[in-house]
Structures are given as structure tokens and as C-alpha cells.
Amino acid sequence: MQKIEFTEIEGIKVGHQQDFEGATGCTVIICEEGATGGVDIRGGAPGTRETDLLNPVNLVDKIHGVMLAGGSAFGLDAASGAMEFLEKRGIGFDVQVTKVPIVCSAVLFDLPVGNHKIRPNREMGYQACLNATNQPVINGTIGAGTGATVGKLLGYERAMKGGLGSYALQIGELKVGALVAVNCLGDVINPSTGEIIAGLLDEDLKGFADTEDVMLQQYDNRKNLFSGNTTIGVIATNCTFTKAQANKVASMAHNGYARTMRPAHTMVDGDTIFAMGTGRVEADVNVVGFLAARVMGEAVLRAVKTATSLAGIKAYEDML
């Protein structure tokens with residue numbers, strides 16, 4: 001097994017666009033030839049687009065892109081830019097009079113970090129597509145991870161910077177990769193050591209308070225003291241899938257969230273993972289699923305380790 005770049009998966013391109021004043025952005029994953037898609041939503045506060053068609057009982061069997069964006073529900077507009085970009089190139093589901101690109105999307109909440117009036121929109125989504133290449137993916141404070149933060153239980157003053165991360169592995173001809181924007185309520189954990197590497201800071205802002213411990217101390221407090229979360233990601237592989245199998249891979253990939261974020265899948269996170277299979281090789285879906293969890297966990301760690309400070313929010317490198 002060897003580490004590869006996410007964009008070494010044949011047929012996959014990735015593009016970012018961001019606004020640092022607004023502390024927000026979007027990241028698009030394009031498969032012009034179409035990929036079999038799946039999705040699994042575990043968080044209680046998701047913002048998504050075109051997820052129902054990924055149900056195996058529904059007609060459309062290929063998607064042409066996934067848009068990950070900040071801006072809360074406003075950011076879903078970025079997917080319209082991807083649709084415009086792809087339609088101009090004759091890419092999409094053929095409806096005779098035109099081709100309708102199938103672009104799924106999920107958003108995270110980053111409005112308080114920068115200028116909340118600046119959100120990913122149609123133009124930003126279109127520009128992300130123009131920027132899309134098969135070159136190595138830039139990680140950190142970029143694209144959908146621009147305004148991402150972690151450890152927000154006690155407010156942004158004690159939060160840390162999240163970001164965008166990618167990681168991929170190859171074994172034989174099989175390639176499995178993850179790309180994720182990490183914006184969780186909880187802390188990010190190194191599962192090998194159990195240590196917090198980014199999250200809720202203690203009162204002197206020099207160490208970690210441990211989000212789960214603080215939540216336990218406040219277990220009887222039902223007031224909503226926190227908002228502004230959601231981790232969103234994509235698993236891409238060159239494997240041949242059915243839609244049902246793609247949904248299962250997306251489901252198994254959530255183990256990568258659970259291993260690296262504590263707590264994960266809360267009512268104030270909209271944690272979502274898409275799966276895309278480009279159909280180049282045959283593989284056991286169980287193998288693809290556990291590799292998906294492994295690369296997703298590594299991508300989460302990479303997202304926070306490569307993030308840089310923005311809007312006065314400390315990053316991993318500031319804690320070293």
C-alpha cells in the first residue's frame with residue numbers, strides 16, 4: 001500500500017475558490033465522465049443539495065461533481081456555478097434539449113469567522129471549477145476550509161482553526177482517497193495517541209480543555225450554547241460501484257470522523273460524506289469501505305495540521 005495524491009484517482013479534478021475577508025470559500029470535486037454516487041448524513045444539522053437522487057431507488061445513476069462550501073445554507077448557491085460550468089461543456093444527464101449536470105453539495109457554518117455578508121455564491125462556484133485540475137490538492141486554509149474552525153463549545157474566543165485536508169492510498173490498481181473540510185463542534189484527536197491536536201482551548205489559551213469533559217460537566221444544561229459547525233467530505237475511488245455500494249462506502253467512511261473528532265455527529269453538526277466511484281477497477285466493497293475510513297481519518301488530521309491562523313483564531317502550528 002502506498003500513499004498517493006487524491007487527484008491521482010483517474011477522472012477526478014479538484015478546484016478551490018475563497019474570499020479571505022469573508023473567511024469562506026468552496027471546493028469542487030469534478031468527474032466529467034460521471035461517477036456513481038452515494039451519501040451518508042450523520043449530523044443533526046445538515047445543509048445539502050441533490051442527496052435524494054443518490055438513493056438507489058431513484059433514476060439518476062451518475063453524478064458529475066460535488067461542491068463543498070462554507071456560508072451555511074447560503075453556500076448551496078455555489079453548486080449552481082458548477083452546473084453552469086459543466087453545462088457549457090456538454091456534461092450532464094441527457095434530457096434531449098440540454099444536458100443537466102448532477103452536482104451534489106453540502107455546506108458548513110462559518111458565518112461568524114469573517115464578514116458574514118460574503119458567502120460562496122454562483123460566481124465563486126464557477127471560479128472554483130475554472131481552477132479545477134488534477135494537480136496535487138492544496139490543503140489547509142483554502143476553499144471550503146477557509147473559515148472552518150474546531151472546538152467551539154465555549155465560543156470562538158477559545159476555538160481553533162480547522163481547514164481542508166486530503167489523503168489517498170493505492171493498493172494494486174485500487175485507489176481510495178478522501179477530501180474533507182473540518183469544522184466540528186468537538187476536538188480533533190490523533191487516534192494513534194489519543195491526544196487532542198486541535199480543539200477547545202483552556203482559559204489561558206495555551207492548552208486544551210477537552211470538549212467532552214466540559215459537556216459532561218454541563219450535561220443538565222439544555223440551552224444551546226454553541227453553533228457554527230459541520231464537517232463535510234468526499235470519498236473518491238476508481239472502484240466500480242452500484243449506488244447501494246456507494247452509499248455503504250460513505251457510511252463506513254464516517255468511522256474516520258468518529259476516530260478523529262470527539263464528539264462527532266452531534267445535533268449541531270451536519271456531518272456529511274459523499275462517495276464517488278469512477279468505475280475503473282473491480283474491488284470488494286468491504287475493503288473500499290475500511291480504506292475509506294482510514295483515508296478520511298488521515299485527511300481530518302491533515303486538515304488541521306496544515307491550517308493557518310485566520311481572523312485571530314489560533315491554528316495547530318501556533319500551539320507547537
Side-chain angles (χ1 to χ4, degrees), residues 1-9 12-16 18 25-29 66 68 70 106 108 110 133-151 159-171 175-184 186-199 208 229-237 252-262 264 269 271-276 290-310 313-320:
M1 191 181 304
Q2 63 177 341
K3 180 182 175 299
I4 60 171
E5 295 292 338
F6 181 84
T7 44
E8 287 185 59
I9 299 168
I12 295 293
K13 295 180 179 179
V14 175
H16 306 298
Q18 54 283 318
C26 60
T27 297
V28 67
I29 302 91
V66 173
L68 306 178
L108 55 81
D110 58 6
T133 71
N134 57 7
Q135 297 301 303
V137 179
I138 301 171
N139 286 198
T141 302
I142 193 167
T146 300
T149 48
V150 302
M160 281 184 64
K161 193 70 184 66
L164 185 126
S166 64
Y167 195 88
L169 292 170
Q170 179 174 356
I171 180 166
K175 300 176 182 179
V176 182
L179 187 149
V180 63
V182 180
N183 189 58
C184 55
D187 304 320
V188 176
I189 311 293
N190 181 343
S192 299
T193 64
E195 294 178 336
I196 299 172
I197 64 170
F208 299 108
N229 310 295
T230 296
T231 297
I232 50 179
V234 174
I235 294 295
T237 174
M252 293 177 73
H254 273 281
N255 290 331
Y257 282 7
R259 292 168 187 166
T260 56
M261 294 182 285
R262 296 181 188 168
D269 287 289
D271 296 342
T272 299
I273 297 178
F274 294 97
M276 304 172 71
F290 78 67
L291 285 176
R294 185 177 300 183
V295 295
M296 183 58 77
E298 292 290 344
V300 170
L301 299 181
R302 196 171 181 189
V304 296
K305 287 183 175 181
T306 57
T308 51
S309 181
L310 184 68
I313 298 174
K314 280 191 172 184
Y316 172 83
E317 63 181 16
D318 301 317
M319 300 293 288
L320 295 178

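- In this structure, the side chains of V150 and V182 come closer than 4.5 Å at one or more pairs of heavy atoms.
- The shortest heavy-atom contact between F274 and A106 is CE1-CB, 3.7 Å.
- Closest approach of G143 and Q18 over heavy atoms only: N-OE1, 2.8 Å.
- Using a 4.5 Å heavy-atom cutoff, the side chains of T231 and L108 are not in contact.
- The line from OG1 of T308 to OH of Y316 is 14.5 Å long, rounded to the nearest 0.5 Å.
- In this structure, the separation between CG on D187 and CD on E195 is 13.0 Å, given to the nearest 0.5 Å.
- Rounding to the nearest 0.5 angstrom, the gap separating the OG1 atom in T237 from the CE atom in M276 is 11.0 Å.
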Using the side chain to side chain contact (heavy atoms under 4.5 Å, CB included) rule, take C26 and L68 through it: C-alpha gap first, then chi angles, then the decisive distance, then the call.
CA-CA 6 Å; C26 60; L68 306 178; over 6 Å; no
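- Counting heavy atoms of neighbouring residues, nucleotides and ligands inside a 6.0 Å radius, atom CD1 of I138 does not exceed 12 of them.
- Side chains of I4 and K175 form a contact here, defined as non-hydrogen atoms less than 4.5 Å apart.
- The two residues N134 and T7 have their closest heavy-atom pair at O-OG1, 3.2 Å.
- Separation of atoms CG (L301) and CE (M296) is listed at 12.0 Å; rounding is to 0.5 Å.
- Here the closest non-hydrogen pair linking A307 and G162 is CB-O, 3.2 Å.
- If you take CG on N183 and CG on D271, they are separated by 9.5 Å, rounding to the nearest 0.5 Å.
- By the 4.5 Å heavy-atom criterion applied to side chains, K314 and M319 are counted as neighbours.
- With a 4.5 Å cut-off on side-chain heavy atoms, T133 and K13 do not count as touching.
- The two atoms that bring G163 and A303 nearest to each other are O-CB, 3.4 Å, heavy atoms only.
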Check the pair V295, V176 against side chain to side chain contact (heavy atoms under 4.5 Å, CB included), reporting the backbone distance first and the verdict last.
CA-CA 7 Å; V295 295; V176 182; 4.1 Å; yes
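- Side-chain contact between I235 and I273: present, with at least one pair of heavy atoms (C-beta onward) separated by less than 4.5 Å.
- Under a cutoff of 6.0 Å and an axis angle of 45°, K3 and Y167 form a cation-pi pair.
- A pairwise comparison of heavy atoms in F290 and M252 identifies N-CE, 3.7 Å as the closest pair.
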Please walk me through it: do V300 and R259 pass side chain to side chain contact (heavy atoms under 4.5 Å, CB included)?
CA-CA 10 Å; V300 170; R259 292 168 187 166; over 6 Å; no
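- By the 4.5 Å heavy-atom criterion applied to side chains, T149 and I313 are counted as neighbours.
- Side chains of S166 and N139: a donor-acceptor N/O pair is present below 3.5 angstrom, by distance only.
- Each of T27, L164, V180, T272 was scored for a side chain to side chain contact (heavy atoms under 4.5 Å, CB included) with I232, with one residue passing: T272.
- The CD1 atom of I196 sits 8.5 Å away from atom CZ of R262, with the distance rounded to the nearest 0.5 Å.
- Between K305 and R302 the shortest side-chain heavy-atom distance does not fall below 4.5 Å.
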